[in-house]
Amino acid sequence: MTRVEVDREVCMGAGVCEMEAPEVFELDADGVLQVHEPTDLAAMGTAVRACPTGALQLID
Amino acid sequence: MSSVSTPTLDAIDLSDREFWGAPPEQRHAVFDLLRRESPFAFFAEPVVPYIPVGPGYHAVTRYADVEAISSQPALFASGSGAVSIADMPPDLNEFYGSLISMDDPRHGKIRRIVAKAFTPRVLEGLVGNVQAVVDDVVARARQRAADGDGTIDVVADLAAPIPLRVICDMMGIPDGDRAMVLQQSNVILSGGDPELVEDEELMVTAFLKAGELLAGLMTRLAVERRARPTDDLTTALVTTEVDGERLTSQEIASFFILLLVAGNETTRNAISQGVLALSEHPAERDRWAADPGITRTAVEEVVRWTSPITWMRRTATQDVELSGQGFPAGSKFLLFYGAANRDPAVFADPHRFDLTRDPNPHVGFGSRGPHFCLGAHLARREIGVAFQAFARELPDLEVCGEPARLQSSFVNGLKRLPARLTGLR
């Protein structure tokens, strides 16, 4: 099952992933990235590649 | 584009102010040549009164090199100045650049705190406000044209008030202070344009005065918000702590200035030049008006096409290599976003304005890296809402004169764009 790993040291809370795949990624009220169960793997992949700081990684 | 004369490498000087007031086709022809023939072209620095002239800079025009530099912040730092070519005195640099001219770890800490106020979900909550602002601005512009000779200035009547009111609402700026905010942020991002800063000798003075006025406003609001907190961004700034440490009043003031200036000028110029681009490409304009469903890609294309911030600077922290070429520590690089956004290696037919371009990995909000535009989601929202309202409420808007271009290398801007509402006659 493909999942996403977030490097918390690198994540800046830019929210680009959330724009690409809002059902998977959500910056909460504290600006901390929450990752939900993926429904759309293609959108999730796009979001991971779009991260400006390279904080996201797909793990198979 | 037959009127564009073919530039020659020797004649190019990106430090010449005149160049930056030239029409975009002319500038793009120059950048096409640089990208092809001299992708790290070296230029002497423009002279800024009272500031020592530095060693010169490389103009980075290829998408891949802009990305390589931007995504390696440890090798290419922002801390010695990202928004000016000259090395400004450190206190001035930090004051006017704030987060933009800061490196990790401090940049990361502060950025994470302010990022909370700019997440997609927080901004989703602002949609109603953006829509209300845009509707009011559009109605006023139509009224103004009807009361006068049927014309408006796209910059003053449409493009400027939208982001100004949105960011001032977010920050809780009183109505009485907003004209000053617009005027002083103009000065800070004027790049010394003679119309905005009359005497070049006085540029630094005008610049300092603008900072002082905005900082004064912030100081006043900070006192008020500490006594009576509200839910605005200014309250968040003055009450926020980074690792148990409060931001200093200078840091707060400089961030306040960054938000006001960056939140205003960029979106304003994307809107005004977007209007111009649509008037030059009527088929695209009709396409967007007929199908609001293309707004997502259309907004991205407007940002790619206009690239409102022309460059940011990085400085090599050690000897570095780019595309096989070596550069010594201390080398300065200007990342020309507008040039990268027309790189044929990435964008098919790059000089075509195509509102359904997809994918469109433009660097109009900056390239990969920790300095990616904090306000990107806000800007997208404002631009999308604005252009949909223009299509609906101002379908008869017609550009009726030459745009007055800002003579600034840093901001790709318009000072005025005359238009008329033909439906009024």
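Convention: sequence-line order gives letters A, B, ...; per-chain numbering from 1. Only heavy atoms go into these numbers, but all of them, side chains included; no hydrogens, no water, no symmetry mates.
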message = Looking at chain A, which one of P120(B), G108(B), S367(B) has the largest number of heavy-atom pairs inside 4.5 Å, strictly under?
response =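 That would be P120(B).
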
ask   = With respect to chain A, which residue among R368(B), R380(B), R121(B) yields the maximal number of heavy-atom pairs within a distance under 4.5 Å?
value =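 Among R368(B), R380(B), R121(B), the one with the most close pairs to chain A is R121(B).
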
key: Non-hydrogen side-chain atoms of L58(A) and M44(A) separated by less than 4.5 Å   =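 Yes, their side chains come closer than 4.5 Å.
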
message = Any heavy-atom pair between the side chains of H362(B) and F347(B) that's under 4.5 Å?
response =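 Yes, close enough: below the 4.5 Å cut-off.
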
With a 4.5 angstrom heavy-atom cut-off, which part of [X] approaches chain B: side chain, backbone, both or neither?
X: E26(A); result: both
X: A55(A); result: neither
X: V10(A); result: backbone

key: E301(B) and R304(B) ion-paired at < 4.0 Å   =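 Yes, this pair counts.
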
ask   = Do R357(B) and E300(B) sit within salt-bridge range, that is, some charged N less than 4.0 Å from a carboxylate O?
value =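 Judged by the 4.0 Å cut-off on N to carboxylate O distance, R357(B) and E300(B) do not form a salt bridge.
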
inquiry  = Does any backbone or side-chain atom of F372(B) lie under 4.5 Å from a heavy atom of chain A? Answer side chain, backbone, both or neither.
reply    =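 Just its side chain gets close to chain A.
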
message = Looking at chain B, which one of G15(A), G13(A), G31(A) has the largest number of heavy-atom pairs inside 4.5 Å, strictly under?
response =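 Of the options given, most contacts go to G15(A).
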
request  = Please report the C-alpha distance between F410(B) and W311(B) in whole Å, then the side-chain angles of each, then the deciding distance to 0.1 Å, and finally whether the ring pair (Phe, Tyr, Trp, His ring centres under 6.0 Å) criterion is met.
outcome  = CA-CA 6 Å; F410(B) 184 66; W311(B) 52 262; 4.9 Å; yes

ask   = Which atom pair, heavy atoms only, marks the closest approach of V24(A) to P38(A)?
value =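 Residues V24(A) and P38(A), closest heavy atoms: CG2-CA, 4.0 Å.
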
